[in-house]
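Each remark here refers to the structure printed beneath this line.
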Amino acid sequence: RSSIFRYDPSTDKTVWSVNYPVLPNDLINATYALAVDNGTLIVVSRAQKSDYYADGSTDYSPEYHMAAAFDTADGHELWSKSGLISSDTHLKSDQKPEIATRDGLAFLSIQDNGSLVALDERTGEEKWSLTVEKSRIESGPSIDGTPFYWYYNLIPMATANLLYVREGDSALLAVDPDTGTELWRKTLLTDYEMFEARDTISDAIPVSGGILVITCSWGGVRTLKLWQ
């Protein structure tokens, strides 16, 4: 079972604890992201119910993206949302739990559909959503001849004036955090650089003058750039 708790280091005591996420069976392959903004804790998780039940039976269990917000004072739940991860065998996603916060808004993904949503931190109300195109097509066909379509992991990074959104190692977007309007888009790595030259993005870090982009090749060469 998973739980979230608030710990007070000055007293060495747990202030509150809640079970989350709560699913009918044990969880496997669970990953989480947490963020605190003022008095709100936002949690995004990706988890799968175990295929094995106490009575010895088995059943395939789909994966879920889940998000919830809790009041940091006493741990009561403010809202929760969930999205079933697509069972379409021709649609794949690298989406992991990612979250960014700014001025009462939480930016996150709760489905494997290439969408980033902006939610009110206290109510869960959706303010806007940004959906990217399918990022690439697997070069080889599937068994029945249908190609695989992929969405890259969307990574939001909030600053005072901009929301940056990484599409995996492929592209970087600058977005108006209040409206979701795309301001500009820049290629991080081309398909050739990723799949032939085997470059990767080590990190992208917003700073006061813009954003630092760190590229690493499989040969160990690191390149640091500042985009203003």
Side-chain angles (χ1 to χ4, degrees), residues 21 27-35 42-48 62-68 81-102 105-119 126 128-139 147-159 162-175 177 180 182-206 211-218 222-223 225 227:
L27 300 179
I28 58 175
N29 302 325
T31 52
Y32 302 87
L34 294 84
I42 302 97
V43 183
V44 183
S45 61
R46 176 173 178 156
Q48 183 179 0
E63 291 183 320
Y64 292 84
H65 278 303
M66 290 160 283
K81 296 179 182 292
S82 64
L84 177 66
I85 293 179
S86 174
S87 59
D88 183 350
T89 57
H90 307 306
L91 177 62
K92 305 296 181 181
S93 175
D94 292 336
Q95 187 62 49
K96 302 175 180 64
E98 304 280 358
I99 188 168
T101 60
R102 174 193 174 274
L105 289 179
F107 309 98
L108 50 92
S109 292
I110 55 172
Q111 290 182 320
D112 273 6
N113 63 356
S115 293
L116 186 83
V117 295
L119 304 175
E126 183 176 317
W128 54 259
S129 65
L130 176 72
T131 301
V132 299
E133 297 295 328
K134 294 183 179 69
S135 296
R136 64 183 168 95
I137 302 175
E138 194 74 358
S139 57
F148 288 106
Y149 293 94
W150 285 80
Y151 289 114
Y152 286 125
N153 186 36
L154 299 180
I155 306 174
M157 297 169 285
T159 67
L162 288 174
L163 175 69
Y164 295 105
V165 181
R166 264 184 66 186
E167 294 181 16
D169 288 357
S170 177
L172 182 74
L173 287 67
V175 176
E182 183 178 318
L183 304 175
W184 52 258
R185 171 188 293 265
K186 185 176 177 66
T187 298
L188 288 171
L189 295 175
T190 65
D191 285 350
Y192 174 81
E193 289 171 325
M194 284 188 285
F195 304 123
E196 301 297 332
R198 297 185 176 182
D199 289 337
T200 60
I201 301 297
S202 296
D203 215 341
I205 308 167
I211 187 166
L212 291 172
V213 178
I214 307 170
T215 305
C216 179
S217 72
W218 280 30
R222 293 182 181 271
T223 303
K225 299 178 182 178
W227 293 353

Checklist outcome for this item: For A30 and A47, the nearest pair of non-hydrogen atoms, with its separation, is CB-CB, 4.0 Å
Checklist entry - Do the side chains of I155 and V165 get nearer than 4.5 Å, heavy atoms only? => result no
Next on the checklist: Taking side-chain contact (heavy atoms from CB on, under 4.5 Å) as the definition, give me every residue that meets it alongside P156, ordered by chain and number, with sequence neighbours left out.
Outcome noted: E98, A100, F107, L116, L163
Checklist outcome for this item: Nearest heavy-atom contact between R166 and M157 is CG-CE, 3.9 Å
Next on the checklist: A side-chain contact here means heavy atoms from C-beta on lying under 4.5 Å apart; do E182 and V132 qualify?
Outcome noted: no
Item to check | E167 and L172, any side-chain heavy atoms less than 4.5 Å apart | outcome: no
Next on the checklist: If I take atom NE2 from residue H65 and atom CZ from residue R46, how far apart are they, to the nearest 0.5 angstrom?
Outcome noted: 4.5 Å
Checklist entry - For L162, does its backbone N or O pair with a side-chain atom of T159 as donor and acceptor, under 3.5 Å? => result yes
Item to check | side-chain contact (heavy atoms from CB on, under 4.5 Å) against T200, all qualifying residues, sequence neighbours excluded | outcome: D169, C216, W218
Checklist outcome for this item: Correct closest heavy-atom pair for S217 and D199 would be CB-OD1, 3.1 Å
Checklist entry - Going through the checks in order, is the side chain to side chain contact (heavy atoms under 4.5 Å, CB included) test met by L130 and L154? => result CA-CA 10 Å; L130 176 72; L154 299 180; over 6 Å; no
Next on the checklist: Looking at every heavy atom in both W227 and T187, which two are closest together, and how far apart are they?
Outcome noted: CH2-O, 3.9 Å
Checklist entry - Is there side-chain contact between M194 and S170, with heavy atoms separated by less than 4.5 Å? => result yes
Next on the checklist: Would you compute the distance between atom OG1 of T223 and atom CD1 of I201 and round it to the nearest 0.5 angstrom?
Outcome noted: 9.5 Å
Next on the checklist: So, taking the atom named CG in L34 and the one named OH in Y32, what distance separates them when rounded to the nearest 0.5 Å?
Outcome noted: 9.5 Å
Item to check | Residues which pass side chain to side chain donor-acceptor pair (under 3.5 Å) with S115, listed by chain and number, not counting sequence neighbours | outcome: N113, T131
Checklist outcome for this item: S129 and V117 have their tightest heavy-atom pair at CB-CG1, 3.8 Å
Checklist entry - Given side chains that start at C-beta, do those of E193 and T215 come closer than 4.5 Å, heavy atoms only? => result no
Item to check | Heavy-atom closest pair, residues T101 and A35 | outcome: CG2-CB, 4.0 Å
